[in-house]
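Structure, as structure tokens:
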There are 2 protein chains.
Amino acid sequence: MNGQFQIATHVLTLLCKQPGELLSSDYVAGSMNVNPVLVRKEMRKLRACGLIESKEGKTGGYSLALPPQKITLADVYKAVKLPPALGQAKNKPNPACPVGKQIGAHLDHLADDVEAAIIKKLSTITIFDFVNQFD
Amino acid sequence: MNGQFQIATHVLTLLCKQPGELLSSDYVAGSMNVNPVLVRKEMRKLRACGLIESKEGKTGGYSLALPPQKITLADVYKAVKLPPALGQAKNKPNPACPVGKQIGAHLDHLADDVEAAIIKKLSTITIFDFVNQFD
DNA sequence: TGTACTGTAATATTTTTTATTACAGATAAA
DNA sequence: TTTATCTGTAATAAAAAATATTACAGTACA
């Protein structure tokens, strides 16, 4: 559960709690003690995936692009994970070793399976569900 | 899928393929182009969890402490994850914000759920299974 | 007694993450 | 139309984490 996912989820939570309002990156960053530029970077990914919308200029900011019941945490996870999303193993095993030669592929396959399990779990929880846990 | 898990799995694979032999950290490290001290560090964790045994002195090295059918990748995952294993979120949200005040706990809970999903998946695969994928 | 290991600490290097600074472009309002 | 306040983005710096290196004590064997 890395920092990027935390930022994205935090922002979506705020947007969900204040529907209709445009929230600025400064406001949001202040709410989580993080740098505004990082917030804008994560927002770019969320927007690329169609989860949020943004408006530039004075009175600009961010808002949800979908009802919170339609956004799952799996969507968020996949959005912030871009752009790698393909080929994550920088293996450097000894190719002269029969195990070393093959293990990279097997570990990659395993990583894919684990990734799928994570996404399956996260796909059962929407932002709406998540926010409803709050008092 | 971090480097520590990779090292641990790689070593266990080698141990499984060469039963009865004691493998040295130097040999193993050479097989995966990694520093021998890192290998010894991971081995300490695996031994603490009873997955391997080690022997010091000349002709020393590492061997499996259990039949490979009894070691799951979940065991490995949990072993290398020590010692944190408790309280992973270094949250620094603004406590003056009602969302910031609570989100840390909710994200921690979520992280626990995801962790459980990962372990569930990995517990279905033994080292024996993993090694059997190799030619 | 010398050799070849593990165990471990201390330190350095590399990589990754996060923060900062800077500024162009957009939009609204004075 | 000018000024203020945003987003978007790049470039750079600082901090944190992962990995590598060096060093050496302790152990076991031949």
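Chain A is the first sequence line, chain B the second, and so forth, proteins listed ahead of strands; every chain is numbered from 1.
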**Request:** Check step by step if side-chain contact (heavy atoms from CB on, under 4.5 Å) holds for B:Ile125 and A:Leu110.
**Result:** CA-CA 10 Å; B:Ile125 309 167; A:Leu110 178 62; 3.7 Å; yes
Indicate whether OP1 or OP2 belonging to [N] is found under 4.0 Å from a side-chain N or O atom of [X].
X: B:Asn35; N: D:dT19; answer: no
X: B:Ser25; N: C:dT6; answer: yes
X: B:Ser54; N: C:dG7; answer: yes
X: A:Tyr27; N: D:dT7; answer: no
X: B:Lys55; N: D:dC29; answer: yes

Separation of [N] [atom2] from [X] [atom1] (nearest whole Å):
X: B:Asp26; N: D:dT22; atom1: CG; atom2: C1'; answer: 14 Å
X: B:Ile7; N: D:dA18; atom1: CD1; atom2: P; answer: 12 Å
X: B:Leu38; N: D:dA18; atom1: CG; atom2: C1'; answer: 8 Å
X: B:Lys41; N: C:dT6; atom1: NZ; atom2: P; answer: 15 Å
X: A:Glu42; N: D:dG8; atom1: CD; atom2: P; answer: 13 Å
X: B:Asn33; N: D:dT19; atom1: CG; atom2: C1'; answer: 14 Å
X: B:Asn2; N: C:dT16; atom1: CG; atom2: P; answer: 13 Å
X: A:Ile52; N: D:dT7; atom1: CD1; atom2: P; answer: 10 Å

**Request:** Tell me, with the steps shown, if B:Tyr77 and B:Glu115 meet side-chain hydrogen bond (donor to acceptor under 3.5 Å, both in side chains).
**Result:** CA-CA 10 Å; B:Tyr77 181 82; B:Glu115 192 80 352; 3.2 Å; yes
**Item:** side-chain hydrogen bond (donor to acceptor under 3.5 Å, both in side chains) assessment of A:Gln4 paired with A:Lys41
**Value:** CA-CA 9 Å; A:Gln4 296 171 11; A:Lys41 275 185 187 164; over 6 Å; no
**Message:** With side-chain contact (heavy atoms from CB on, under 4.5 Å) as the test, pick out the partner of A:Cys49 among A:Leu46, A:Leu51, A:Ile52.
**Reply:**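 For A:Cys49, the side-chain contact (heavy atoms from CB on, under 4.5 Å) test succeeds with only one of A:Leu46, A:Leu51, A:Ile52, which is A:Leu51.
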**5' precedence on DNA chain C between B:Gly57 and A:Val37 (nearest-nucleotide basis)** =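 So the residue in question is B:Gly57.
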**Asked** Side-chain donor or acceptor of B:Arg44 under 3.5 Å from a matching atom on the base of C:dG7?
**Response**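 Answer is no: no donor-acceptor pair is held.
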**Item:** Proximal nucleotide (of C:dA29, D:dT27, D:dA20) relative to the B:Glu56 side chain
**Value:**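 For B:Glu56, the side-chain atoms sit closest to D:dT27.
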**Request:** With the side chain of A:Val34 defined as its heavy atoms from C-beta on, choose the nearest nucleotide among C:dA19, D:dC29, C:dT27.
**Result:**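 When the side chain of A:Val34 is considered, C:dA19 is the closest of C:dA19, D:dC29, C:dT27.
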**Prompt:** Would the number of heavy atoms belonging to other residues, nucleotides or ligands and lying under 6.0 Å from NZ of A:Lys17 be above 12?
**Reply:**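 Check passes, neighbour count above 12.
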**Prompt:** For B:Pro36 and A:Tyr62, take the nucleotide of DNA chain D holding the closest heavy atom to each; which residue's nucleotide lies nearer the 5' end?
**Reply:**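 Taking each residue's closest nucleotide, the earlier one in sequence belongs to A:Tyr62.
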